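Scroll down for the structure; my scribbles are underneath it.
All residue numbers in this chain count up from 1 along the given sequence. Heavy-atom basis, side chains included; hydrogens, waters and symmetry copies ignored. In this text the structure is predicted, and so the values were computed from the model without any measurement.
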Amino acid sequence: MRHMRRGDWGEAWSISDEVLRARFGVRDWSLPRHLQAVWDGTPLDGRQVLLRCYHGLGDTIQFIRLAPLVQARASELTVWAQPALIPLLRTMPAVGRLLPLHDGTPEVAYDVDVEVMELPHVLRTTISTLPAQVPYLHPPRRDMRAGTGQARLDFAVGLVWRSGDWDYERRSVPFGFLEPLRAVPGVALHILQRGSALEERPPGFGILSGSDDILEAASVMRGLDLVISIDSMPAHLAGALGLPVWTLLASDADWRWMEEREDSPWYPSMRLFRQRRPGAWGEVIARVAAELRTLAGARGLSGAT
């Protein structure tokens with residue numbers, strides 16, 4: 001992972017090749033799906049390929065960008081994806097045949113299978129060859145100002161502060177740190193957060209605009225000016241839609257965000273706001289609030305209410 005963090009992806013694939021050779025012909029089906037290595041080294045060219053989406057929703061959204069490259073090489077591509085994502089993935093060109101992932105075996109013939117997060121290794125992807133054209137998902141756009149009473153010029157900002165269960169404490173921002181965002185004039189906060197975290201929100205803090213339907217959530221995002229999210233699925237979704245998105249990261253963030261960068265080769269429209277020390281969310285939110293004030297001022301909104 002240290003090579004991936006540093007951007008030396010070619011060296012990372014050399015190490016992955018050694019691991020692949022060491023486990024040749026061995027597949028441990030007893031492991032949890034997200035820990036299973038799937039690809040056995042078989043080339044994809046001219047074959048029926050099954051693309052398994054065994055990780056999180058955000059992981060599928062991030063790595064599905066590589067599906068058209070597989071489609072161009074394979075005789076047939078089937079994507080076995082999380083059911084909640086299939087309506088959204090249908091908006092992507094050249095994504096292949098979509099089937100809902102379940103606990104059984106896939107009802108499709110295939111010659112070679114690969115997990116979606118293995119594709120950069122399979123395709124020998126580097127930072128310079130990574131498909132970074134956005135958007136690559138194309139849901140309809142929803143007008144987020146209609147019927148809300150929001151001023152026409154208000155800057156519409158989506159907000160997500162808590163992750164799912166995996167690595168929750170490190171990735172999530174305690175709600176109390178978010179108060180400075182409400183104080184920025186000319187900004188209308190749209191709460192995209194879902195689940196039990198909504199219980200942390202006091203009455204009057206932002207406009208409830210989220211949806212458990214991911215296609216609908218994507219349409220809502222397209223009607224916003226900016227999305228602010230912790231490292232979770234909504235950040236990947238906003239990036240894949242080509243929307244301005246500010247991603248809030250722990251000091252020891254996941255490898256995909258690399259090291260000491262404020263941008264991401266995965267998502268050209270994304271900015272990264274990193275903790276400078278573990279747990280220091282207060283200074284991260286202070287920087288975000290300052291940037292929001294600057295944005296509002298540049299748009300002539302600094303005096304708005």
Side-chain angles (χ1 to χ4, degrees), residues 1-5 9 11-90 92 94-125 130 163-168 170-171 195 214 231-233 236-237 240 254-256 266:
M1 289 299 178
R2 69 179 184 276
H3 295 294
M4 295 297 288
R5 290 178 181 274
W9 294 3
E11 184 61 28
W13 306 146
S14 296
I15 295 171
S16 297
D17 288 340
E18 294 177 10
V19 173
L20 185 63
R21 285 191 292 268
R23 65 171 176 81
F24 182 76
V26 177
R27 177 94 175 258
D28 189 349
W29 294 96
S30 68
L31 290 172
R33 274 181 165 168
H34 69 282
L35 296 179
Q36 290 180 21
V38 173
W39 187 51
D40 64 2
T42 302
L44 308 186
D45 302 80
R47 290 179 166 86
Q48 294 173 299
V49 176
L50 173 65
L51 185 58
R52 300 174 183 254
C53 299
Y54 279 176
H55 286 76
L57 299 176
D59 300 317
T60 297
I61 289 171
Q62 179 177 13
F63 288 87
I64 200 67
R65 73 184 67 211
L66 297 167
L69 299 181
V70 178
Q71 174 91 315
R73 294 169 57 170
S75 64
E76 184 179 43
L77 172 64
T78 300
V79 178
W80 206 28
Q82 299 93 332
L85 285 180
I86 286 180
L88 176 68
L89 298 183
R90 287 196 182 110
M92 180 178 177
V95 73
R97 176 185 178 189
L98 293 165
L99 291 180
L101 181 69
H102 54 73
D103 290 334
T105 57
E107 298 89 359
V108 64
Y110 59 92
D111 304 314
V112 56
D113 54 343
V114 56
E115 209 283 323
V116 68
M117 290 185 69
E118 294 178 316
L119 285 180
H121 175 210
V122 176
L123 300 172
R124 321 302 293 194
T125 305
L130 176 69
S163 72
D165 292 339
W166 179 78
D167 208 11
Y168 156 75
R170 190 173 63 92
R171 290 191 294 157
I214 296 177
D231 176 10
S232 194
M233 184 275 287
H236 293 286
L237 179 55
D254 190 77
W255 64 267
R256 72 194 75 199
W266 296 93

Among residues at least two apart in sequence or on other chains, which ones pass side-chain hydrogen bond (donor to acceptor under 3.5 Å, both in side chains) with Arg5? none

Where do Ala12 and Met4 come nearest, in terms of heavy atoms and distance? CB-SD, 3.5 Å

Less than 4.5 Å apart, any side-chain heavy atom of Cys53 and any of Val79? yes

Residues at least two apart in sequence or cross-chain that pass side-chain hydrogen bond (donor to acceptor under 3.5 Å, both in side chains) with Thr60, listed by chain then number, are Gln82

By the salt bridge (Lys or Arg N to Asp or Glu O under 4.0 Å) test, which pairs, at least two apart or in different chains, include something from residues 57-83? Asp45-Arg73, Asp59-Arg256

Going by side-chain contact (heavy atoms from CB on, under 4.5 Å), name the residues that satisfy it together with Pro106, two or more places apart in sequence or in a different chain. Leu50, Arg52, Trp80, Val108, Tyr110

I want to check something: taking the side chain as every heavy atom from C-beta on, are Val49 and Val114 in contact at a cut-off of under 4.5 Å? yes

Taken in chain and number order and not counting sequence neighbours, the residues that satisfy ring pair (Phe, Tyr, Trp, His ring centres under 6.0 Å) with Trp9 are Trp266

Please identify each residue that fulfils side-chain hydrogen bond (donor to acceptor under 3.5 Å, both in side chains) with His102, with sequence neighbours left out. Glu107

side-chain hydrogen bond (donor to acceptor under 3.5 Å, both in side chains) against Ser14, all qualifying residues, sequence neighbours excluded: none

Which residues share a side-chain contact (heavy atoms from CB on, under 4.5 Å) with Thr42, sequence neighbours left out: Asp40, Arg47, Val112

Restricting to side-chain contact (heavy atoms from CB on, under 4.5 Å), what partner residues turn up for Ala37, sequence neighbours left out? Arg23, Glu118

Sequence neighbours excluded - ring pair (Phe, Tyr, Trp, His ring centres under 6.0 Å) pairs with any residue from residues 27-62: Trp39-His121

Using the test salt bridge (Lys or Arg N to Asp or Glu O under 4.0 Å), find all partners of Arg27 that sit at least two apart in sequence or belong to another chain. Asp113

If we ignore hydrogens and angles and just use 3.5 Å, is the side chain of Gln36 paired with the main-chain N or O of Val38 as donor and acceptor? no

Going by salt bridge (Lys or Arg N to Asp or Glu O under 4.0 Å), name the residues that satisfy it together with Arg124, two or more places apart in sequence or in a different chain. Asp17

Heavy-atom check, side chain of Pro120 versus side chain of Trp13, under 4.5 Å: yes

Can you name the nearest heavy-atom pair linking Ala67 to Leu77, along with the distance? O-CD2, 3.6 Å

Rounding to 0.5 Å, atoms CG (Leu44) and CG (Asp111) come to a distance of 10.5 Å

Are the side chains of Leu237 and Leu88 in contact, using a 4.5 Å heavy-atom criterion? yes

Answer yes or no: is there a side-chain heavy-atom contact under 4.5 Å between Leu35 and Asp28? no

Of all heavy-atom pairs linking Leu51 and Val116, the shortest is CD1-CA, 3.6 Å

Specify the closest pair of heavy atoms between Gly58 and His236, including all atoms of both residues, with the distance to one decimal. O-CG, 3.6 Å

